[in-house]
Amino acid sequence: MLDMKVVRQNFTDVKAKLLTRGVKAEVLDTFLSLDENRRQKLVKVEELKKYRNTVSAEIAQLKRAKTDAAAKINEMKEVGSQIKVLDEQIQEIDQQVKDISYTLPNLPNDAVPVGKDEADNVEVRRWSKAPTFTFEPKPHWEIAEELDILDFERGAKVSGSRFVYYKGLGARLERAIYNFMLDTHVYEHGYTEMIPPYAVNEASMFGTGQFPKFKEDVFQLENSNLTLIPTAEVPLTNYYRDEILTQEQLPTYFTALSPSFRSEAGSAGRDTRGLIRLHQFNKVEMVKITDNQTSYDELEKMVQNAEDILQKLKLPYRVITLCTGDMGFSAAKTYDLEVWIPAQDMYREISSCSNCEDFQSHRAMIRYRDENEKVQYAHTLNGSGLAVGRTVAAILENYQNEDGSVTIPEVLVPYMGGQRKIVKI
RNA sequence: GGAAAGUUGGCAGAGUGGUAAUGCAGCGGACUCGAAAUCCGCCGAGCGGGGGUUGACCUCGUGCACGGGUUCAAAUCCCGUACUUUCCUCCA
């Protein structure tokens, strides 16, 4: 959520920036005039309330002195009804202001390239080269089904499309990967390991920006206000919701493995096969809560933490900066990491690291006291480190051999009980 | 799922209709070589306005879990919701 004062005082600038994110100009103009109107009425009603407070004190005096106060009481009845009318009007305007402000995306950082969609994203760097195959590389779902380590058919039978069973060494591989990721983040990158709730309440979904705008993207539990988390970012970032931290608590680094549940409404027909787009997938998430000075340094470090995983796995990838039109709702700046998927002959997103600046902390009220004891909004960052299912897909494809077997990346061998290869039984 | 109690400032804890005691903590000062103890003074979040500065400040409103209601006036009365704790039941 944007700071109302910032919007008001820098309206032209804010408007220009939000237009690059697809917000309509008239929405912003309405927003500004509603705010103006609200403040005018607020001044009036506050004057009346001040008057009421004064006279009420007088009434109390008269009552104590057992004097007649009927005249003042009658006057206050009138004032009271005026206050009520104004309060109702203000409340109504307030609601309209909120309805708009809840759906306005974050302001892009100045360094973010302006653009319409993913075609305007900017590549920052590449690491390693796509492997060359002496045979036609197969898509990961074919490799996996031949090795009997993934079962999409039975996933569909038991749950529906976009659900899968990992089986045998497939399940073992998934577990090896996320243990490796967690160990690396905890023991090398300094994150605190968490196991968060996998269902969260409405306030938490609002806090990180999923609600109210993106309700159709999630699985809502019936007859409750609980939602299955679409990412561990939600419970991790909301950990400090409605709290004021001390500066010593910052920066805080959290990491967690969790399943992520997404309805994938509107993506029918896309990535219908394989591990790329499922209703449920595992992800190791990184979240940082920082002060408002160091968050961009922390973002760079977080991206490096994610890259470190890919480098240790020796998976070719590239880093891109998302343009204004392609960024997520809460982000001020986002780097995506895209891993090489040989069978598709392209890079696919495997991590997304964002600095949300104070956008989420305004919603979730995550604050800290600075060295002057002043309350400041914290900055929040989140990034995948990494999407586990997509990592499995990348490994199966990049490490596949002509005979249908898959070599285990060196760094995972200890996590696989010494096993170096997955072969057909 | 059943029953009861509770939710007040950083913490503890009063307050059953007249506008939030008190203690601890914190800040400033005195005493002291310094510290502790003691004494004196100050301070109660947060949120939203207005004026002013540009982020020293002044001022008002709001604020006693949240949302409504009654009243000239609500922490106090009424209704609803959430959460916490304890007991019972159930259960990995």
Side-chain angles (χ1 to χ4, degrees), chain A residues 1-10 13 31-98 100-102 195 197-207 211 221 223-227 235 238-250 291-293 357-358 360-379:
Chain A
M1 194 162 60
L2 301 175
D3 189 331
M4 190 78 78
K5 281 182 208 147
V6 171
V7 176
R8 193 147 65 213
Q9 287 163 10
N10 312 287
D13 186 38
F31 187 60
L32 188 67
S33 67
L34 282 170
D35 176 58
E36 177 68 34
N37 195 235
R38 170 180 163 277
R39 274 155 52 229
Q40 278 175 11
K41 289 198 156 61
L42 206 53
V43 170
K44 273 190 214 163
V45 80
E46 285 186 359
E47 272 170 22
L48 286 173
K49 282 180 180 172
K50 186 185 174 186
Y51 182 53
R52 180 176 67 183
N53 287 342
T54 313
V55 178
S56 286
E58 289 167 17
I59 291 172
Q61 288 291 324
L62 293 175
K63 288 267 182 186
R64 259 185 237 118
K66 306 252 195 247
T67 317
D68 177 50
K72 284 185 191 292
I73 288 177
N74 278 329
E75 192 197 349
M76 283 308 100
K77 274 190 188 178
E78 173 56 27
V79 171
S81 63
Q82 286 176 27
I83 289 174
K84 195 174 180 186
V85 169
L86 276 170
D87 266 344
E88 279 167 4
Q89 289 175 358
I90 289 167
Q91 205 176 7
E92 199 180 306
I93 296 169
D94 241 358
Q95 192 53 53
Q96 294 175 38
V97 169
K98 279 182 186 164
I100 294 176
S101 72
Y102 289 171
I195 300 178
Y198 299 155
V200 297
N201 60 28
E202 235 171 87
S204 298
M205 290 296 280
F206 177 81
F211 283 4
L221 297 180
N223 302 323
S224 84
N225 73 340
L226 292 173
T227 306
N238 277 282
Y239 185 77
Y240 285 131
R241 173 156 55 79
D242 296 322
E243 292 189 34
I244 299 178
L245 309 175
T246 60
Q247 195 142 32
E248 295 76 62
Q249 290 176 272
L250 304 177
D291 63 31
N292 58 19
Q293 300 298 311
E357 297 187 9
D358 62 1
Q360 292 181 322
S361 57
H362 267 93
R363 294 179 154 246
M365 297 298 272
I366 304 167
R367 293 160 297 169
Y368 67 97
R369 273 179 220 286
D370 66 15
E371 60 278 6
N372 300 316
E373 294 290 294
K374 256 193 91 172
V375 176
Q376 304 280 0
Y377 286 91
H379 282 194

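Given the structure is predicted, the values throughout are model-derived calculations rather than measurements. Chain letters run A, B, ... following the sequence lines, proteins first and then strands; every chain starts at 1. Hydrogens, waters and symmetry mates play no part in the numbers below; they use all other heavy atoms, side chains included.
- Nucleotides B/rG17 and B/rC24 are separated by 30 Å at their P atoms, to the nearest Å.
- Searching all strands for a Watson-Crick or G-U wobble partner of B/rU85 with both distances below 3.5 Å returns B/rA4.
- Atom name C1', nucleotides B/rG23 and B/rG18: the rounded distance is 26 Å, in whole Å.
- Between A/R39 and B/rG50, a side-chain N or O to OP1/OP2 separation shorter than 4.0 Å is present.
- As rounded to the nearest Å, B/rG10 and B/rG2 have C1' atoms that lie 38 Å from one another.
- For the pair A/I83 CD1 and B/rG49 P, the computed distance is 19 Å after rounding to whole Å.
- Rounded to an integer number of Å, the gap from CG of A/D242 to C1' of B/rA82 is 13 Å.
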Point to revise | Full working for salt bridge (charged side-chain N to carboxylate O under 4.0 Å, His left out) between A/D35 and A/R39 | key: CA-CA 6 Å; A/D35 176 58; A/R39 274 155 52 229; 3.2 Å; yes

**Study point:** Contact state string [nucleotides 56-80 of chain B, B base, S sugar-phosphate only, - no protein heavy atom under 4.0 Å]
**Key:** ----BSS-----S---BS-------

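- Under 3.5 Å, the side chains of A/N201 and A/S204 contain a donor-acceptor pair of N or O atoms.
- With sequence neighbours left out, A/K44 forms a side chain to side chain contact (heavy atoms under 4.5 Å, CB included) with A/L86.
- Comparing B/rC47, B/rG18, B/rG48 against the side chain of A/R38 picks out B/rG48 as the nearest.
- Atoms CE (A/M4) and C1' (B/rG49) sit 12 Å apart, rounded to a whole Å.
- Heavy-atom contacts from other residues, nucleotides or ligands closer than 6.0 Å to CG of A/L221 number more than 12.
- In terms of heavy-atom proximity, A/G207 sits nearest to A/N238 at CA-OD1, 4.0 Å.
- Looking at heavy-atom distances under 4.0 Å, A/V79 makes no contact with the nucleic acid at all.
- B/rU32 and B/rU22 have their C1' atoms separated by 30 Å, with the value rounded to a whole Å.
- Remark: B/rU76 base-pairs with no nucleotide in the shown strands. Criterion, Watson-Crick or G-U wobble with two distances under 3.5 Å.
- Here A/R367 reaches the OP1 or OP2 of B/rC47: one of its side-chain N or O atoms lies under 4.0 Å away.
- Around atom CD of A/Q82, more than 12 heavy atoms belonging to other residues, nucleotides or ligands sit under 6.0 Å away.
- Pairing partner, B/rC47: B/rG61, with both Watson-Crick or wobble hydrogen-bond distances short of 3.5 Å.
- Comparing the same atom, P, in B/rU16 and in B/rU76 gives a spacing of 12 Å after rounding to whole Å.
- Here, B/rC39 and B/rG51 have their C1' atoms 41 Å apart, quoted to the whole Å.
- Checking B/rG34 for Watson-Crick or G-U wobble geometry (two distances, each under 3.5 Å) identifies no partner in any strand.
- Separating the CD atom of A/E58 from the P atom of B/rU19 is a distance of 14 Å, rounded to the nearest angstrom.
- Rounded to the nearest Å, the gap between the P atom of B/rC72 and that of B/rC57 is 41 Å.
- The closest side-chain heavy-atom distance from A/E75 to A/I59 is not below 4.5 Å.
- Taking NZ from A/K41 and CD from A/Q91, the interatomic distance works out to 14.0 Å, rounded to the nearest 0.5 Å.
- B/rU8 and B/rA3 have their P atoms separated by 25 Å, with the value rounded to a whole Å.
- To the nearest 0.5 Å, the span separating CD on A/Q95 from CG on A/L34 amounts to 11.5 Å.
- Here B/rU81 presents its P atom at 16 Å from CD of A/E202, a figure rounded to the nearest Å.
- In this structure, the side chains of A/F211 and A/E202 come closer than 4.5 Å at one or more pairs of heavy atoms.
- Heavy-atom contacts from other residues, nucleotides or ligands closer than 6.0 Å to OH of A/Y198 number more than 12.
- Remark: P of B/rC83 and CZ of A/R241 are 12 Å apart, rounded to the nearest angstrom.
- With a 3.5 Å ceiling on both atom-pair distances, the Watson-Crick or G-U wobble partner of B/rC42 is B/rG26.
- Rounded to whole Å, atom P of B/rG50 lies 9 Å from atom CD of A/E36.
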Using a cut-off of under 3.5 Å, enumerate the N/O to N/O pairs linking the protein to nucleotides 6-9 of chain B.
none

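- The CD atom of A/Q61 sits 9 Å away from the P atom of B/rU19 (whole-angstrom rounding).
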